[in-house]
2 protein chains.
Amino acid sequence: MKTILIVEDDNTICDELSALLRNAGYAPLVLSSFKHAKEEILSSSPNLILLDINIPYLNGELLLKELRQTCDIPVIMVTSRNTAVDEVLSMSYGADDYITKPYHPTILLLRIAAVLKRYEQRSDIVTYHDISILPQKGILKKEDTELLLTKNEMIIFMYLLQNQNRIVSRDELMTDLWNNHEYINDNALTVNISRLRGKLKEIGCADAIETRKGLGYFLL
Amino acid sequence: MKTILIVEDDNTICDELSALLRNAGYAPLVLSSFKHAKEEILSSSPNLILLDINIPYLNGELLLKELRQTCDIPVIMVTSRNTAVDEVLSMSYGADDYITKPYHPTILLLRIAAVLKRYEQRSDIVTYHDISILPQKGILKKEDTELLLTKNEMIIFMYLLQNQNRIVSRDELMTDLWNNHEYINDNALTVNISRLRGKLKEIGCADAIETRKGLGYFLL
DNA sequence: TTCCAATATTTCATTTTTGTAACATTGCCA
DNA sequence: TGGCAATGTTACAAAAATGAAATATTGGAA
């Protein structure tokens, strides 16, 4: 479960936020002392920080700036001042997003999810359902089992994954695999798809790739 | 240069936006007809779309939803209605970000840059000096020349790249390559490093990997 | 329902990748 | 300045990946 650290001096807001986050499946954590904010943050190493700009002892922006020098935890700035200048400053100091009070709960959750997803992508680990993917190593992991894909299989799988919301034509895949595919047998793609499907089946993902005859393929 | 398509019915705003974007180094494009919005968008295939929620003939959200079924162009929703509901809807329909009018020019530019950067990351393109790297395809590109790395070579290169600021021990690399390397000849790593160096030399990166005898390797 | 083009599967030969072994070189320390 | 362990290079055989060919299956249009 992902832990989210709340750095905020209004106790009412802290409680509300904690409840909201807990309901959404996160593990909320509230900073107990602002005097040693930086140390406490580093030692609790949360997955994300909700950082209020107006906190006692320290300036939120300053804290962010200091944090950024030693760690790489995603930060969403929370500000009650509704001025554009603040927002610009936060972004340039390295906040991943910002939100102004009062915020809509759903929006906050969406933004948290978006930032977390971005970080996952950055670390080069892609996920598909409950499968972790290490593209350059050609590895798919599902719980205890590990699956090795060849380069072509991984290229196809990643292309489908990055276009999961639509049908991908065979031509697109051929272009992605072989760029100019003049010399390559059209059936080579079918064979590679077939091999990929065979392997996906081994980790319980039979039928993950649907054929849309005449159109292309679709990843469920 | 990145093209940005403006979908907005207020001509004054269109002009202002165009000027702003042009100054920031983008190529602005204005949708001429809302009647065939979808077709026009697809045929102009911009790098990003600024989409107003309130446009004639079509609802902005609906248009976004339709677009998402066939393409994957980043979209920033622009809304003058300052209600949270709109924002939530846009996000769930697949907008990459949204902004409410009136917006601060700098913020708009920051958000555009952020979304574009995210998309680049998503497409999995890494860079090293003036070299573009497509990890899963095993391709290094430098201007006109293209280099093919094998899986092991790419794993080593990416590991060095992701730890460019420090010396990487041979043991770390062996672990990254073979996880539990009991059965594998220690020299296998040396050979793979050697092969990688040979290929890097071909694109003018001889000496990119330094040996720190007794410690490991260091990527310049 | 029938037919046929689109897609799947299996097998096989070629090419590429890989680890090992044998030998060469390097650079540090006494 | 040797000596020697760490690292580099080259050649080679085994293993893996790959595309083509032959054949089988499928799903939709007529």
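Remember, predicted model here, so these are calculated numbers, not experimental data. Below, chain A is the first sequence line, B the second, and so on; all start at residue 1.
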Proximity to the side chain of B/K213 - top-ranked nucleotide from C/dG27, C/dA8, C/dT20: C/dG27

5′-ward residue of the pair A/E210/B/K199 relative to DNA chain C: A/E210

From D/dG8, D/dA17, C/dT17, nucleotide with atom closest to A/T150 side chain: D/dA17

4.5 Å side-chain heavy-atom contact, A/L219 and A/F157: yes

D/dG19 base / A/R195 side chain donor-acceptor hit below 3.5 Å: yes

B/Y217 vs D/dA6: side-chain N/O to OP1/OP2 distance below 4.0 Å: no

Heavy-atom side-chain proximity of B/D52 to B/D10 below 4.5 angstrom: no

Minimum-distance nucleotide to A/N187 side chain [options: D/dT26, D/dA21, D/dT7]: D/dA21

Nearest-nucleotide pick for B/R197, side chain only, options being C/dT20, C/dA8, D/dG8: D/dG8

D/dT18 phosphate, OP1 or OP2, under 4.0 Å from A/W178 side-chain N/O: no

Presence of B/T190 side-chain N/O under 4.0 Å of D/dT7 phosphate oxygens OP1/OP2: no

Atom pair OG1/CG of B/T3 and B/L29 - distance to nearest 0.5 Å: 6.0 Å

A/R170 side-chain N/O to C/dA6 phosphate OP1/OP2 under 4.0 Å: no

Minimum-distance nucleotide to A/T211 side chain [options: C/dT7, C/dT20, D/dG8]: C/dT7

Closest heavy-atom pair and its distance - A/L189, A/I156: CD1-CD1, 4.1 Å

